[in-house]
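Written below as structure tokens is the structure these notes are about.
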Amino acid sequence: MPLDIIIGTQWGDEGKGRITDLMAAEADVVARYSGGDNAGHTVTVGDEVFKLHLIPSGVIHKSATCIIGNGTVVNPAVLIREMDALKARGVDVGPGRLKLDSKAHLITPAHIAMDIAKETQRGSGAIGTTQRGIGPAYTDKTSRVGLRAGLFADPEGLAAAVKAHITEKNLMLTKVYDAQPLEIEPVVAQFAQYAQRLRPHLVDGSVYLNEALDAGKSILAEGAQGTFLDLDHGTYPFVTSSSPTAGGALIGLGIGPKRVGRIVGITKAFTSRVGSGPFPCQLEGALASRLRGTGANPWDEFGTTTGRPRRVGWLDMVMVRHAARINSLTELAVTKLDILSGLEQLSVCVAYELNGKRIGYYPQDLEQLAQCKPVYETVDGWMEDVTSIRQMADLPENAQRYIRFIAEASGIPVTFISVGPGRDQVIYG
Ligand code: IMP
């Protein structure tokens, strides 16, 4: 059985947790491969809403084993909190069920302090990070001074490494950023406790996952963030510090490309972005408020991790095509189609105009991107509530046209359409 990969085709918050939850019903193993608790995945099962940041959304299915892969950065305090919250709701998060790759990097309070200090120093040029220590933890990884989860199996090595790490970061915090230092001993003691709790969960993820594939099991790689937050292929520097793209899934799990089956691109029926950076199709005013929602519902456009209101805009097919190319998408899942009900006309960006010329690609240069004006095609909307529809043929004619438009403009078939937050509110294309 293959490795199937779920990828966000926009700036994150496409509804990946929701599609992961559906696909996880068929998977033996669900794996997170990049990012950390900057992600926020919401899954609604009946009346219950699960908000997960670190543990794969597949944990809610009793049958799937979950693994946090080597490409992630893990704040152990958040992981333990999330495990306790799930356990209190009757979800098994024991070592047989939830595994942590020894090569995953750890986020410490010093990484969080550095994230905040760097953002403060950037002032008006701030990236708008989630302030979860993601960038500083990945910086340490690439500088080859990071702390890996495998240290949990070596109490003395862990204490020495944490001590040296906080000492070095304190120098940076006080001398470079004029920020407060951290007390070293309490962090060392905290990490000793985390080690006791998390040690039984450690595995060599690549060995575990490849053995699972060899045994005929199926693996679902659950993406976090989205293609346009990718360190290489996104809107640099307004990106995250990892590779939330299909290539990143392979590196972040230690699995080779020949094992890959489906690569599902999750595309929200409109676009959203949280944090700074260019957004050619961004809308303001009443229409933006209408797409964003009020924040009263868990699925409204407010950050799951930070609560920040998201910037919103029309669907941008230039972005979706860029994501299709980078990730070799085999199919698309269109989410939140129900939110567009009641709008008389919908615009879809099909190209950009740059210096008077029409272009069909996403410029990598941010100055050029800032000058791009969206070229819209307008399509008729639909008034009907679609939340109880389960067959493509029962969707209003204009909603069907909208889906066909997305498939044709991207060249990728649409295989899922979600029409509400509930597990059953889906149409299989
Ligand atoms: P960081 O990942 O916290 O360093 O944040 C870098 C950028 O990525 C900021 O613009 C964040 O808002 C954005 N970001 C990180 N994680 C997510 C996510 O899960 N959804 C949407 N945006 C995210």
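First listed ligand is number 1; within each ligand, the first listed atom is number 1. It should be emphasised that the depicted structure is a prediction, and the values quoted were computed from it without experimental measurement.
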#### Entry: Close approach, Trp11 and ligand 1, non-hydrogen under 4.0 angstrom
yes
### Task
Assess Arg132 for proximity to ligand 1: is some non-hydrogen atom of it under 4.0 Å away?
no
### Message
I need the contact type for Val239 against ligand 1. Using non-hydrogen atoms and a strict under-4.0 Å cut-off, is it side chain, backbone, both or neither?
### Response
backbone
### Message
Taking the ring of Phe228 and the ring of His233, is the distance between their centroids below 6.0 Å?
### Response
no
### Task
Record the part of Leu229 in heavy-atom contact with ligand 1 below 4.0 Å; permitted values are side chain, backbone, both and neither.
side chain
### Query
Which bit of Arg273 gets closer than 4.0 Å to ligand 1, counting heavy atoms only: side chain, backbone, both or neither?
neither
### Message
Can you list everything that forms a ring pair (Phe, Tyr, Trp, His ring centres under 6.0 Å) with Phe416? Sequence neighbours excluded, please.
### Response
Tyr428
### Task
Give a yes/no verdict on whether any heavy atom in Arg310 is under 4.0 Å from an atom of ligand 1.
no
### Task
For atom 17 (C) of ligand 1, grab the closest protein heavy atom and report residue, atom and distance to one decimal in Å.
Gln225 CG, 3.6 Å
### Query
Does an N or O from Asp115, backbone or side chain, lie closer than 3.5 Å to an N or O of ligand 1?
no
### Query
Taking the six-membered ring where the residue is Trp, are the ring centres of Tyr402 and Phe405 under 6.0 Å apart?
no
## Note on the structure
Sequence neighbours excluded, the answer for ring pair (Phe, Tyr, Trp, His ring centres under 6.0 Å) partners of His201 is none
### Matching residue for Arg259 among Asn210, Asp4, Ile219 - test: side-chain contact (heavy atoms from CB on, under 4.5 Å)
Asn210
### Task
Taking the six-membered ring of Phe50 (Phe, Tyr or Trp), confirm whether the NZ or CZ of Arg89 is under 6.0 Å from its centre and within 45° of its axis.
yes
### Query
For ligand 1, which atoms sit closer than 4.0 Å to a heavy atom of Gly128?
9 (C), 10 (O), 11 (C), 12 (O)
### Task
Could you tell me the residue and atom name of the protein heavy atom closest to atom 5 (O) of ligand 1, and the distance to it rounded to 0.1 Å?
Thr129 CA, 3.4 Å
